[in-house]
Amino acid sequence: MAKKENSKIRVRFAVDDDEQANKICALLEALGYEAIRDVTPMPPKSRLRWAVHRLAVRAHLTEREQDILGQILAGRTNSEIADDSGASKATIKWHMHNIFAKTGVTTREALLRQALQLVGSTSHHRDDESADGTFVEPLEKKSVAEFGDKDYD
Amino acid sequence: MTNEFFESYKASVAHLETTRQAAKMRVEDVLESEPILVHEIHSRLKKPESLVRKFRTKRYEDPWHDITDIIGVRVILYYNDHVDLAVAALKKKLGWSRRHTIDKTENIGSKEFGYRSFHIVAELPKNLSQETQVPAGMRYFEIQVRSVLAHTWAQIEHEIVYKSGIKSPDIVRRFSAISGTLEILEREFVELRESLWKLVSRHKEEYSAKAEGAETLDSARLIAAMSVHASRRPSGWGGNQEIDSWLCFEEAKRHLDALGFAGVTTWNSLRSVFGSQEYKDSVVQYALEVGAETQNEISHRTMVQIAALTVEPRILTEFADLFTDEKVLKVMQRPKLSPADQMQET
């Protein structure tokens with residue numbers, strides 16, 4: 001399955017193992033193709049891990065930056081990351097600044113878009129509820145929970 | 001109509017979840033660049049059950065378009081005065097609907113009290129990827145902004161008044177009284193926050209008058225001393241990336257810990273590090289590295305980091321978290337010339 005886009009041919013492939021996927025990507029890219037791994041069958045957490053890995057390779061992110069990127073794409077805020085890791089909010093902000101500079105974007109939203117572009121899903125799975133390559137567990141408990149407020153629940 | 005709506009809701013849940021995440025990020029992206037202390041940003045997808053309730057009371061031509069809070073983001077801030085700043089920034093930077101947006105405080109008269117909560121109906125992030133598509137017609141999401149105190153009040157009021165279905169005027173009145181008290185507390189919190197900066201100003205005057213300091217540094221003293229030492233940076237910790245003023249103290253405190261580890265605990269001892277040749281060489285190297293024209297472009301943060309590392313290289317591992325600027329590491333880990341080599345060079 002290959003389709004032409006932006007002069008580079010996009011090749012979609014599906015494989016379970018991250019390491020194998022890595023090799024396939026490296027090979028396809030060396031041959032001048034754009035490699036897109038189909039993540040449809042994977043659970044959101046594995047999709048996220050893969051997208052972070054791909055972004056990190058492309059943008060030469062450090063390990064720490066990679067870790068923070070993963071948390072950001074999973075929907076966590078700077079303060080939450082700071083509180084958990086014992087770092088200061090300013091430190092996380094600095095890391096974010098570096099991540100933005102390396103990935104060439106300036107917002108989280110754009111990072112999410114990049115990450116979603118890097119993972120693919122097949123269109124014939126469209127009726128499947130989790131077919132958009134999302135990194136969020138569908139119907140995640142907290143996000144849909146009753147929030148104790150008449151204007152918000 | 002209703003069934004059709006719930007069918008498409010069910011079919012798009014994954015896309016809605018991803019879009020909810022993007023909407024939350026969109027809000028965070030705006031607030032990130034503002035000097036605002038955020039307590040929490042929460043987001044949720046409206047539950048089918050609460051949508052059913054909506055359908056029971058109202059008719060919708062096009063529910064996806066007309067129900068603007070299917071995706072909701074709630075921003076809770078520490079300080080009341082930041083609520084206005086946040087609302088202004090969000091309205092300025094995001095597309096929003098004038099028709100749907102309500103300011104709940106507009107309805108509060110001078111003799112009434114009520115919680116301050118702002119609702120902005122903003123444009124939804126769309127076309128996140130080829131696969132992520134929200135139902136046609138869906139254009140907006142809702143942002144609520146309030147302070148921690150207002151949030152607490154609203155949560156408890158919701159439990160006791162709204163959910164219980166009680167109509168007792170006495171209980172409603174007592175809730176109003178609490179909200180009046182909260183107004184006073186909000187103001188006091190803002191004033192306490194500002195008083196930290198008054199402390200900094202006082203220390204600044206002190207240091208500029210006598211040009212020395214034997215007192216043990218605390219974060220207010222460090223910020224003051226640094227802004228006297230390199231006065232071009234008004235916020236105290238500016239530089240190649242502006243650090244929000246509310247982050248200054250936390251930042252200063254962490255750097256103070258590193259300085260303390262290096263045995264630098266007073267302005268006098270920090271100044272003597274700044275005067276050393278080794279420190280000066282490193283700063284010149286750093287300026288070359290970042291292409292800074294003058295040393296005035298180097299942030300206080302960087303200066304303190306270089307000073308601490310000059311005295312005690314072990315800080316690099318002990319306080320690894322501070323060093324987010326790879327160039328500082330590069331400069332401080334450069335091979336040092338021995339005095340003999342330096343002689344040869346000149």
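Below, chains carry the letters A, B, ... as their sequence lines are ordered, and counting in each starts from 1.
- Residues Glu251(B) and Lys89(A) are not paired through a salt bridge, judged by the lack of any N-O separation under 4.0 Å between the basic side chain and the carboxylate.
- Here Lys93(A) does not pair with Glu250(B) in a salt bridge; the nearest charged N to carboxylate O distance is not below 4.0 Å.
- A heavy-atom distance below 4.5 Å is not found between the side chains of Thr77(A) and Val38(B).
- Put simply, of Glu65(A), Arg113(A), Met96(A), the one with the most heavy-atom pairs under 4.5 Å next to chain B is Arg113(A).
- In this structure, the side chain of Asp29(B) engages the main chain of Arg108(A) through a donor-acceptor pair within 3.5 Å.
- Taking both residues in full, the closest heavy atoms of Gly75(A) and Lys24(B) are given as O-NZ, 2.6 Å, listed atom of the first, atom of the second, then distance.
- The OG1 atom of Thr107(A) lies 11.0 Å from the CD atom of Glu28(B); values are rounded to the nearest 0.5 Å.
- By the neighbour-count criterion of 12 heavy atoms within 6.0 Å, atom CG of Asp84(A) is densely surrounded, having more than that number from other residues, nucleotides or ligands.
- Rounding to the nearest 0.5 Å gives a distance of 6.0 Å between OG1 of Thr324(B) and NE2 of His95(A).
- For Glu49(B), the CD atom counts as densely surrounded, since its 6.0 Å shell holds more than 12 non-hydrogen atoms of other residues, nucleotides or ligands.
- Listed for the Gln21(B) side chain is a donor-acceptor partner under 3.5 Å among the backbone atoms of Leu73(A).
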| request: Go through the steps to decide whether Asn78(A) and Glu32(B) satisfy the test side-chain contact (heavy atoms from CB on, under 4.5 Å), and finish with yes or no. | output: CA-CA 9 Å; Asn78(A) 282 9; Glu32(B) 179 78 353; 2.9 Å; yes

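- The contact between Glu326(B) and chain A is made entirely by side chain atoms (from C-beta outward), counting heavy-atom distances below 4.5 Å.
- Counting heavy-atom pairs under 4.5 Å between each of Thr91(A), Leu111(A), Thr62(A), Thr106(A) and chain B puts Thr91(A) at the top.
- A distance of 9.0 Å separates CE in Met25(B) from CD in Glu109(A), rounded to the nearest 0.5 Å.
- Atom CD1 of Ile41(B) sits about 8.5 Å away from atom CD of Glu80(A), to the nearest 0.5 Å.
- Heavy atoms of Ser79(A) lying under 4.5 Å from chain B belong exclusively to its side chain.
- Of the atoms belonging to Arg254(B), it is side-chain heavy atoms, and not backbone ones, that fall under 4.5 Å from chain A.
- Inter-residue side-chain proximity for Ser88(A) and Lys253(B) is flagged as unmet; no heavy-atom pair is nearer than 4.5 Å.
- Side chain of Asn98(A) to main chain of Asp325(B): no donor-acceptor pair is present (N/O by atom type, distance under 3.5 Å, no hydrogens or angles).
- Neither the backbone nor the side chain of Ser85(A) comes within contact range of chain B, judged by heavy atoms closer than 4.5 Å.
- Between the side chain of Arg64(A) and the backbone N or O of Asp321(B) there is no donor-acceptor pair closer than 3.5 Å.
- The neighbour count for Phe100(A) CZ, taken as heavy atoms of other residues, nucleotides or ligands under 6.0 Å away, is above 12.
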